[in-house]
Novice: 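I have a structure I would like to understand better, so I am pasting it below and will then ask my questions one at a time.
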Amino acid sequence: MNLAPATTPLDSWHRQAGGKMVDFAGYALPVQYAGGGIVAEHQACRTAAALFDVSHMGRLRFDGVGSEALLDHLLTRRVSDMPVGRVRYGLLCNAEGGVLDDVLVSHLETPSGQRYHLMVVNASNRQKIWKWIQPHLDDFPGVTLTDRTELTAMIAVQGPKAIELCDRLFKVPPSRLKYYRATVTEQFQKPAIVSRTGYTGEDGFELIVRAEDAPRVWENLLLAGRDHGVIAAGLGARDTLRLEAGMPLYGHELTEQIDPLSAGLSFACNLKDRSFIGDEALRQIADRGPEKVRIGLLPEGKRPAREGCDVVSSDGQVIGRVTSGAPSPTLGRPIAMASIDAAQADNQRFEIDIRGKRVAAIRTALPFYKR
């Protein structure tokens with residue numbers, strides 16, 4: 001049985017704006033808009049600012065005594081030392097150290113003084129993570145877990161003009177927030193959570209508002225930025241931006257068969273003096289060294305190396321595969337990330353099999369683009 005994809009609170013806006021709608025992680029979302037295209041939307045984010053509807057991301061709220069202890073048990077990074085207003089990137093792993101999801105956790109406080117934690121998970125993993133947490137709640141009976149995804153919307157405002165744009169609209173100027181900080185505030189008397197985070201390599205914010213307020217907040221942002229080149233951008237630009245920034249994406253660089261150390265995310269695993277699900281497996285991997293490493297590649301020519309293309313060593317052996325690849329609008333050439341055998345990590349030159357043709361590729365440091 002084929003089910004129609006779910007819609008976000010901004011669905012009508014996307015369709016009226018000529019959005020080319022696709023099914024992404026079970027949601028109907030625009031891959032690009034009419035009149036612009038992926039490259040124009042990408043460049044708007046690099047030079048001005050762009051709005052992204054990321055309402056499909058899951059939002060899980062933890063309330064009550066024991067929330068910090070539960071999250072410490074689940075996550076590769078400690079949460080209990082986070083003051084109110086802090087945001088932290090972490091991973092949920094299975095017992096073998098495979099990545100169930102990469103998430104952001106915020107420690108927040110309502111205007112009435114109630115403290116809670118909010119976890120943003122990938123849309124494709126939302127139900128899986130919800131089910132994964134359920135049995136662990138039995139050991140933390142004071143914790144209440146609620147899924148806020150359908151009640152809220154999430155908008156990313158990214159680009160060099162994002163600060164100027166958002167400072168005009170919110171009760172507490174978001175420019176006061178340092179990187180990876182968040183606060184509960186208002187946008188024209190409508191409640192909003194603002195965090196200085198994003199997934200494009202640009203400075204900017206991610207906003208969580210009530211679902212019914214989302215169209216008005218979206219319109220306010222576009223209206224405030226219309227004379228400064230601020231436009232809406234779709235999934236296509238979002239992917240090329242995050243690839244240029246060298247950021248892993250679940251389902252590509254991260255899966256349940258890939259551990260965080262092989263994905264180059266050792267910074268997000270606190271293995272000293274603490275325990276969490278998957279910690280023993282990760283310690284063993286750390287002791288012997290990961291079998292795979294994530295690298296950046298610059299293929300020669302203009303043909304992009306897409307996900308799944310084989311990476312070949314100088315002696316003709318298949319040593320890995322491309323996990324993400326696309327033309328880079330900023331660099332004007334193809335770029336790719338790949339997972340290869342760790343034993344080949346010191347090599348600088350490889351070949352990529354693109355539809356049966358071997359193309360030379362040079363290893364390069366990540367990220368491809370840094371503001």
Side-chain angles (χ1 to χ4, degrees), residues 31-32 36-52 54 87 89 102 104 122 156-166 178-180 195-206 225 228-254 263-268 293-307 309 311 322-340 345 348-350 352 354 359-371:
V31 68
Q32 64 183 75
I38 292 174
V39 172
E41 293 167 13
H42 179 112
Q43 291 173 338
C45 184
R46 289 277 183 250
T47 58
L51 306 186
F52 302 85
V54 289
V87 184
Y89 176 81
D102 61 330
L104 286 181
N122 283 290
V157 188
Q158 301 282 293
K161 294 186 179 179
I163 292 177
E164 177 185 350
L165 173 62
C166 290
K178 295 181 180 178
Y179 194 49
Y180 269 62
S195 59
R196 196 160 184 171
T197 54
Y199 224 62
T200 63
E202 294 295 334
D203 199 357
F205 305 97
E206 292 178 306
H228 302 278
V230 179
I231 63 173
L235 293 167
R238 180 172 158 82
D239 193 51
T240 52
L241 289 159
R242 76 91 193 166
L243 177 55
E244 285 185 352
M247 295 176 171
L249 181 66
Y250 199 88
H252 295 253
E253 285 73 36
L254 298 172
L265 300 176
S266 57
F267 76 92
V293 294
R294 178 167 62 97
I295 64 170
L297 291 172
L298 297 174
E300 290 185 353
K302 295 184 178 181
R303 295 180 70 190
R306 301 296 187 180
E307 178 187 7
C309 289
V311 179
V322 171
T323 51
S324 295
S328 165
T330 302
L331 302 181
R333 61 171 303 161
I335 58 176
M337 286 195 288
S339 177
I340 67 165
Q348 299 299 311
R349 296 182 178 277
F350 302 91
I352 301 176
I354 303 178
V359 174
I362 300 173
R363 181 175 178 176
T364 187
L366 294 173
F368 300 99
Y369 163 86
K370 192 173 183 180
R371 63 182 166 84

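Heavy atoms only: backbone and side chains are in, while hydrogens, waters and symmetry mates are out. Keep in mind that what you see is a predicted model, and the values were worked out from it rather than measured.
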Novice: First locate atom CD of E307, then atom OG1 of T323, and finally report the distance between them rounded to the nearest 0.5 Å.
Specialist: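 Answer for the CD-OG1 pair, E307 versus T323, is 7.0 Å.
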Novice: Could you tell me which non-hydrogen atom of M247 sits nearest to which non-hydrogen atom of T200, and how far apart they are?
Specialist: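 Taking every non-hydrogen atom into account, SD-N, 4.2 Å.
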Novice: Where the side chain of R371 meets the backbone of G201, is there a donor-acceptor pair that is under 3.5 Å apart?
Specialist: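 Indeed, once roles are kept as given, a pair shorter than 3.5 Å links the two residues.
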Novice: Is any side-chain heavy atom of V87 less than 4.5 Å from a side-chain heavy atom of Y179?
Specialist: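 V87 does not reach Y179 side chain to side chain.
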Novice: Quick check for you: to the nearest 0.5 Å, what is the distance between L297 atom CG and Q348 atom CD?
Specialist: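 These two atoms lie 10.0 Å from each other.
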Novice: Pick from T330, L331, T240, I335: which one makes a side-chain contact (heavy atoms from CB on, under 4.5 Å) with Y369?
Specialist: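 That would be T330.
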Novice: Hey, is CZ on R333 packed in by over 12 heavy atoms from elsewhere, all under 6.0 Å?
Specialist: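 Check passes, neighbour count above 12.
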Novice: Any side-chain to backbone donor/acceptor pair from T364 onto G296? Under 3.5 Å, distance only.
Specialist: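 No, the answer is negative, given that no donor and acceptor are paired below the 3.5 Å cut-off.
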Novice: Where is the tightest heavy-atom contact between P248 and R294, given as atom of each residue plus distance?
Specialist: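 In this case the closest contact between P248 and R294 is CD-NH2, 4.0 Å.
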Novice: List the atom of Y89, the atom of Y180, and the distance in Å for their closest heavy-atom pair.
Specialist: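 Closest approach of Y89 to Y180: N-CE2, 3.9 Å.
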Novice: Okay, side chain of Q158, backbone of T197: is any donor-acceptor separation there less than 3.5 Å?
Specialist: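 Indeed, once roles are kept as given, a pair shorter than 3.5 Å links the two residues.
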Novice: Would you say that R46 contacts P329 through its side chain, given a criterion of any heavy-atom pair below 4.5 Å between the two side chains?
Specialist: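 With C-beta onward as the side chain, the pair stays apart.
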Novice: Rounded to the nearest 0.5 Å, how far does OG of S339 lie from CG of L254?
Specialist: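 Output value for this atom pair is 10.5 Å.
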Novice: State the CZ-CD1 distance between R363 and I340, to the nearest 0.5 angstrom.
Specialist: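 The CZ atom of R363 sits 6.0 Å away from the CD1 atom of I340.
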Novice: Apply side chain to side chain contact (heavy atoms under 4.5 Å, CB included) to I295 and M337, showing your working.
Specialist: CA-CA 6 Å; I295 64 170; M337 286 195 288; over 6 Å; no
Novice: Kindly give the heavy-atom pair with the smallest separation between E202 and G159, and that separation in Å.
Specialist: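 Minimum heavy-atom separation between E202 and G159: CB-N, 3.7 Å.
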Novice: Measure the spacing between OG1 of T47 and NE2 of H42 and express it to the nearest 0.5 Å.
Specialist: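 These two atoms lie 9.5 Å from each other.
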Novice: Can you name the nearest heavy-atom pair linking G229 to A48, along with the distance?
Specialist: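 Taking every non-hydrogen atom into account, O-CB, 3.7 Å.
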Novice: Taking the side chain as everything from C-beta on, heavy atoms only, tell me whether P367 gets closer than 4.5 Å to E244.
Specialist: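 The answer is no, as the side chains (C-beta and beyond) never meet within the 4.5 Å cut-off.
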Novice: With a 3.5 Å cut-off and no angle check, do the side chains of Y250 and D102 form a donor-acceptor pair?
Specialist: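 Short answer, no.
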Novice: Are the side chains of D239 and L249 in contact, using a 4.5 Å heavy-atom criterion?
Specialist: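 They are in side-chain contact.
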Novice: Where is the tightest heavy-atom contact between R242 and Y199, given as atom of each residue plus distance?
Specialist: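 The pair with the smallest heavy-atom distance is CB-O, 3.2 Å.
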Novice: Could you tell me whether the side chain of L298 reaches within less than 4.5 Å of the side chain of F368, counting heavy atoms only?
Specialist: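 Heavy-atom side-chain distance check passes, below 4.5 Å.
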Novice: Roughly how far apart are K161 NZ and D203 CG, rounded to 0.5 Å?
Specialist: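 K161 atom NZ to D203 atom CG measures 14.5 Å (nearest 0.5 Å).
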Novice: So do the side chains of L104 and E206 get within less than 4.5 Å of each other, counting heavy atoms only?
Specialist: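 Yes, side chains in contact.
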